[in-house]
Protein chains: 2
Amino acid sequence: MNLSVAEENYIKSIYKLEEGQESVTTTGLAYELDTKPASVTDMAKKLRDKKLIDYEKYQGISLTADGKKAALHIIRRHRLWECFLVDKLSFSWEEVHEIAEELEHIRSEKLINRLSDFLGNPTIDPHGDPIPDAQGRLGKQRTQISLDQARTKRLEVTAVSDKSNALLEFLTAKGIRLGTHLEVIERYEFDNSIEIKIRNQPAFTISEQVSKNIMVRPV
Amino acid sequence: MNLSVAEENYIKSIYKLEEGQESVTTTGLAYELDTKPASVTDMAKKLRDKKLIDYEKYQGISLTADGKKAALHIIRRHRLWECFLVDKLSFSWEEVHEIAEELEHIRSEKLINRLSDFLGNPTIDPHGDPIPDAQGRLGKQRTQISLDQARTKRLEVTAVSDKSNALLEFLTAKGIRLGTHLEVIERYEFDNSIEIKIRNQPAFTISEQVSKNIMVRPV
DNA sequence: GAAATTATTTAGATTTGTCTAACTTTTATT
DNA sequence: AATAAAAGTTAGACAAATCTAAATAATTTC
């Protein structure tokens with residue numbers, strides 16, 4: 001299956017929205033791709049014809065098995081290039097996303113598999129997200145700090161799911177990066193904000209919007 | 001100046017044809033780009049409007065100073081990626097061209113300059129062609145075996161100017177690669193073919209078409 | 001459950017890069 | 001120099017991906 005850059009971006013965004021539980025709507029996808037709902041409808045028909053998504057008008061969109069496979073291959077390419085940029089070219093965590101966004105569309109199985117070897121076949125990218133293997137198989141997911149039912153106190157940051165510059169810059173400013181150990185001081189039910197503390201720095205509060213995007217594991 | 005992939009390919013091909021002395025015609029460029037003369041005429045108008053080429057109808061095409069600069073930047077990207085593929089990902093000489101053809105269109109000054117640093121700022125690519133520096137300055141050219149006025153006997157291959165698979169495979173089959181030392185046995189005026197010998201293997205003859213694309217230096 | 005609001009789709013237009021077919025200009029031939 | 005051939009251009013069409021504006025369906029609200 002040979003996909004255009006536009007088609008690949010749609011598949012990737014649909015995967016991302018599906019991952020975040022909620023159903024994929026025309027408007028939601030348009031927002032995610034910074035385009036208009038009318039354009040999404042057009043592309044939905046095309047992707048349905050290619051059997052990459054299930055789509056009935058007014059009924060929303062979901063990836064087929066083939067679509068999921070395609071998505072995982074695109075994500076593999078994206079995350080491997082991010083590793084390359086950070087590990088080999090000394091880019092910082094925050095600046096790699098945009099460039100990887102372009103590199104991910106270069107389609108050569110051989111290139112990607114050799115790149116993976118060259119990088120030592122990493123299984124997580126610089127943001128802590130798992131890298132699918134050559135067959136599209138994915139390692140296990142981490143937990144969102146806000147969904148942690150066990151109300152764990154001591155946590156380690158393993159990933160950030162939203163890659164917007166705004167969030168990444170905020171986290172950097174706060175000293176939160178991959179591997180950072182943090183302590184949950186308080187969880188406020190009324191707005192789902194969370195008060196946290198890093199080492200011996202003063203505590204501060206993060207909104208649900210932010211905490212939803214921080215993946216953690218108990219430590 | 002932000003160029004589309006198509007525009008970049010035109011600029012690169014025009015540069016290549018200009019480098020090979022002859023004037024750049026609509027048909028010649030169409031052949032080089034595997035497209036139709038009508039398409040070339042359309043694009044020529046667009047590139048003229050962007051002041052990258054001089055073009056008057058029926059009068060052929062030539063790069064402006066800006067166009068040359070753009071071409072050298074594209075070539076820099078292409079050749080650096082070729083270095084990466086061969087040096088770091090163990091691709092062979094012959095297979096890198098196509099992939100570099102895609103990678104060259106990723107436009108991030110920072111990416112390319114860091115890639116260059118990572119590779120040790122190479123000045124020639126795996127085919128022996130010089131890599132323009134960040135300012136677009138180019139090292140000195142090598143000589144075509146067929147233009148060697150001095151009629152040198154012992155030569156070293158420093159580059160191959162035509163990157164078509166057909167030629168690269170032919171050269172590999174004959175045992176001609178970068179750095180190969182060869183001895184010119186005879187030059188035939190009537191068809192400009194050249195009889196050469198590599199080490200102690202039997203001599204063979206190469207046509208002008210082939211020899212024109214082999215760059216050499218005396219040894 | 002009717003009306004209002006929101007979401008989605010359709011129809012028609014636009015841009016980029018390409019094409020074919022017809023036409024024009026230039027170059028080559030005699 | 002006239003004509004034939006080759007090279008180049010124009011006009012009109014098309015596919016991909018997008019858009020706006022209008023129409024339709026679904027959902028929410030009262």
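Worth saying up front: this structure is predicted, and the values here are computed from it rather than measured. In what follows, every chain begins at residue 1, and chains take the letters A, B, ... in the order their sequences are listed. No hydrogens, no waters, no symmetry mates; every other heavy atom, side chains included, goes into these values.
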Fill in the blank from the handout: When Q59(A) and A38(A) are each assigned the nearest nucleotide of DNA chain D, the 5'-most assignment goes to A38(A)

Round to a whole Å and report the spacing from [atom1] of [X] to [atom2] of [N].
| X | N | atom1 | atom2 | value |
| --- | --- | --- | --- | --- |
| M43(B) | dT10(D) | CE | P | 16 Å |
| K36(A) | dA7(C) | NZ | C1' | 15 Å |
| K46(B) | dG17(C) | NZ | C1' | 6 Å |
| Y31(A) | dT6(C) | OH | P | 17 Å |
| D42(B) | dT10(D) | CG | C1' | 9 Å |
| Y58(A) | dT10(C) | OH | P | 7 Å |
| K45(A) | dA17(D) | NZ | C1' | 14 Å |
| I61(A) | dT8(C) | CD1 | C1' | 11 Å |

Practice task
Among dC19(C), dA26(D), dT18(D), find the nucleotide with the atom closest to the side chain of Y10(A).
Solution key: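 When the side chain of Y10(A) is considered, dT18(D) is the closest of dC19(C), dA26(D), dT18(D).
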
Practice task
Would you indicate which nucleotide in dG8(D), dT9(C), dG17(C) comes nearest to any side-chain atom of S4(B)?
Solution key: dG17(C)

Exercise for the section: Quick one: label S39(B) by what it contacts on the DNA or RNA (base, sugar-phosphate, nothing), any heavy atom closer than 4.0 Å. Expected result: base

Any [X] side-chain nitrogen or oxygen under 4.0 Å from OP1 or OP2 of [N]:
| X | N | answer |
| --- | --- | --- |
| T41(B) | dT10(D) | no |
| T35(B) | dC19(C) | yes |
| T27(A) | dT6(C) | no |

Fill in the blank from the handout: Note: L138(A) and P130(A) closest approach over all heavy atoms is CD1-O, 3.8 Å

Exercise for the section: If the plane angle is over 60° it's perpendicular, under 30° parallel, otherwise tilted; pick one for W81(B) and F84(A). Expected result: tilted

Practice task
Any chance you could measure L29(A), atom CG, to I14(A), atom CD1, to the nearest 0.5 Å?
Solution key: 5.0 Å

Exercise for the section: Could you grab the distance from atom NE2 of H73(A) to atom NZ of K68(A), nearest 0.5 Å is fine? Expected result: 15.5 Å

